[in-house]
Amino acid sequence: MTFQNTLQFAQQLDAKDELKNYRDEFIFPQHNGKDVIYFTGNSLGLQPKRTKHYVDEVMNDWANMAVEGHFYAEKPWWDYHERFAYPLGKLMGAKPSEITVMNTLTVNLHLLMVSFYRPTKTRYKIICEEKAFPSDQYMFQTQLNFRGYKIEDALVEIKRREGEHNIRLEDIVAKINEVGDELALVLIGGVNYYTGQVFDMKAITDAGHKVGAIVGFDLAHAAGNIKLELHDWNVDFASWCSYKYMNSGPGNASGCFIHERHHTNKDLARFGGWWAQNKERRFKMDPQFDPIIGADGWQVSNLPILSLAPYLASVEMFAEVGMDKLIKKRDQITAYLEFILHEIDAAIDGTEFEIITPSNQEERACQLSVFLHGQGRSLFEYLMKNGVITDWREPNVIRFAPVPFYCSYEDMYEFGQILKKGISNR
Ligand SMILES: *Cc1c(COP(=O)(O)O)cnc(C)c1O
């Protein structure tokens with residue numbers, strides 16, 4: 001499609017947008033009496049209006065039934081998390097038994113490493129991406145430290161080539177082959193949080209398995225953003241947070257995927273708790289630990305229902321729309337944003353900024369990371385003051401996520417006008 005940088009053209013795209021009514025399902029912060037232009041759904045998704053109802057339901061059941069809510073609430077609490085298995089499984093390309101929700105992302109990655117990082121004398125190395133999300137870096141460092149390995153020896157980072165912003169798949173596969181027999185675990189982000197690059201998870205999983213390693217993914221930026229086929233790709237395990245593209249609210253619960261081929265392996269080490277216990281025996285207070293066969297067998301504590309309620313609202317909303325429609329709009333609105341950025345770049349003298357996200361649609365999703373030359377931070381502050389919510393990442397990157405659920409094409413056009421004014425006045 002040939003785009004035009006005009007209000008009329010943007011409005012035409014909005015009129016044809018099959019998801020346009022969903023914008024009204026979200027609550028936008030206001031700036032001078034208007035909805036802000038929200039580009040940070042990759043950091044904290046907007047609040048869906050229907051979420052309050054899900055939370056109120058739990059509050060009311062708690063008020064009216066107290067402890068009896070565990071079994072008699074509108075949605076009983078003791079197995080509330082099981083409501084996620086089917087719709088969330090569909091979103092993640094997983095069987096219901098391969099999905100569970102609990103804790104938060106970094107906590108879950110630590111717990112999953114207990115089971116899936118099983119180093120031996122000769123096979124103990126971990127491959128991750130260079131400049132992984134800080135929490136993942138600290139997780140690797142502290143896990144390795146706890147297990148008695150030296151980070152410089154056991155942690156292998158896949159690097160970008162000199163002068164390139166993204167990591168090449170061929171370099172990932174080459175590194176996996178090079179570490180080979182010493183490789184215990186590959187654990188990388190399915191979508192890089194900084195550049196928005198989408199990795200070929202199937203190819204990485206195949207390469208890891210070929211050398212005898214376990215392969216897991218941090219899907220913080222992938223859940224609710226890209227098409228996932230975790231079961232068919234044979235991924236061993238994965239975890240994600242729900243407050244980014246999945247709009248479940250600040251710091252909210254995480255999800256886990258554990259491939260079914262691991263479910264019956266009772267020799268896998270795990271840190272257990274009563275919510276993993278065989279449901280028939282859970283309340284018998286039986287001393288014998290007999291975990292559920294399935295991802296729920298990795299549960300630990302009884303679940304924070306007030307935190308699951310907004311997540312359930314969101315998962316049901318995603319199930320209602322389906323990833324295909326979201327992806328279709330995602331690709332078009334991201335391409336439109338890219339077009340507008342290029343238009344502005346062409347209209348100004350010199351190189352003010354550079355898009356570091358891959359331009360190839362197969363390798364990106366709903367994010368454009370823009371590297372600013374010169375005084376980037378002041379431009380970021382100018383945007384925030386003008387009702388454009390973005391985020392700043394050191395040393396000089398602004399990330400823009402035109403989330404298909406609630407961003408409009410008109411937002412992209414308006415943003416372009418604001419940006420142009422900001423750049424020409426500098
Ligand atoms: C956002 C994000 C996290 C956040 O971890 P929490 O444990 O939820 O605080 C972890 N990893 C990646 C790649 C992220 O983008």
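No hydrogens, no waters, no symmetry mates; every other heavy atom, side chains included, goes into these values. Throughout, numbering of the chain's residues begins at 1 and tracks the sequence. Each ligand, and each atom within it, is numbered from 1 in the order the structure gives.
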* Asked: So how far is it from His231 NE2 to Glu98 CD, rounded to the nearest 0.5 Å?
  ->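 Separation between the atoms: 5.5 Å.
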
Can the positive tip of Lys49 be found less than 6.0 Å from the middle of the six-membered ring of Tyr22, inside 45° of the ring normal?
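Cation-pi check for Lys49 and Tyr22: fails.
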
- Query: Between Asn247 and Pro48, what is the shortest heavy-atom contact and its length?
  - Reply: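 The pair with the smallest heavy-atom distance is O-CD, 3.6 Å.
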
Checklist entry - Does some side-chain heavy atom of Phe199 sit less than 4.5 Å from a side-chain heavy atom of Ile167? => result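 SC-SC contact between Ile167 and Phe199 confirmed.
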
query: For the rings on Trp78 and His70, is their centre-to-centre separation under 6.0 Å?
result: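 No; His70 has its ring centre 6.0 Å or more from that of Trp78.
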
Under 3.5 Å, N/O to N/O: give me all the pairs between ligand 1 and the protein, one per line with atom names and distance.
residue	atom	partner	partner atom	Å
ligand 1	5 (O)	Thr106	OG1	3.3
ligand 1	7 (O)	Thr106	N	2.8
ligand 1	7 (O)	Thr106	OG1	2.5
ligand 1	8 (O)	Tyr243	OH	2.5
ligand 1	11 (N)	Asp136	OD1	3.0
ligand 1	11 (N)	Asp218	OD2	2.7
ligand 1	15 (O)	His221	NE2	3.2
ligand 1	15 (O)	Lys244	NZ	2.5

Among Phe415, Tyr406, Phe380, which residue satisfies the ring pair (Phe, Tyr, Trp, His ring centres under 6.0 Å) criterion with Phe39?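 When Phe415, Tyr406, Phe380 are each tested with Phe39, the ring pair (Phe, Tyr, Trp, His ring centres under 6.0 Å) holds only for Phe415.
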
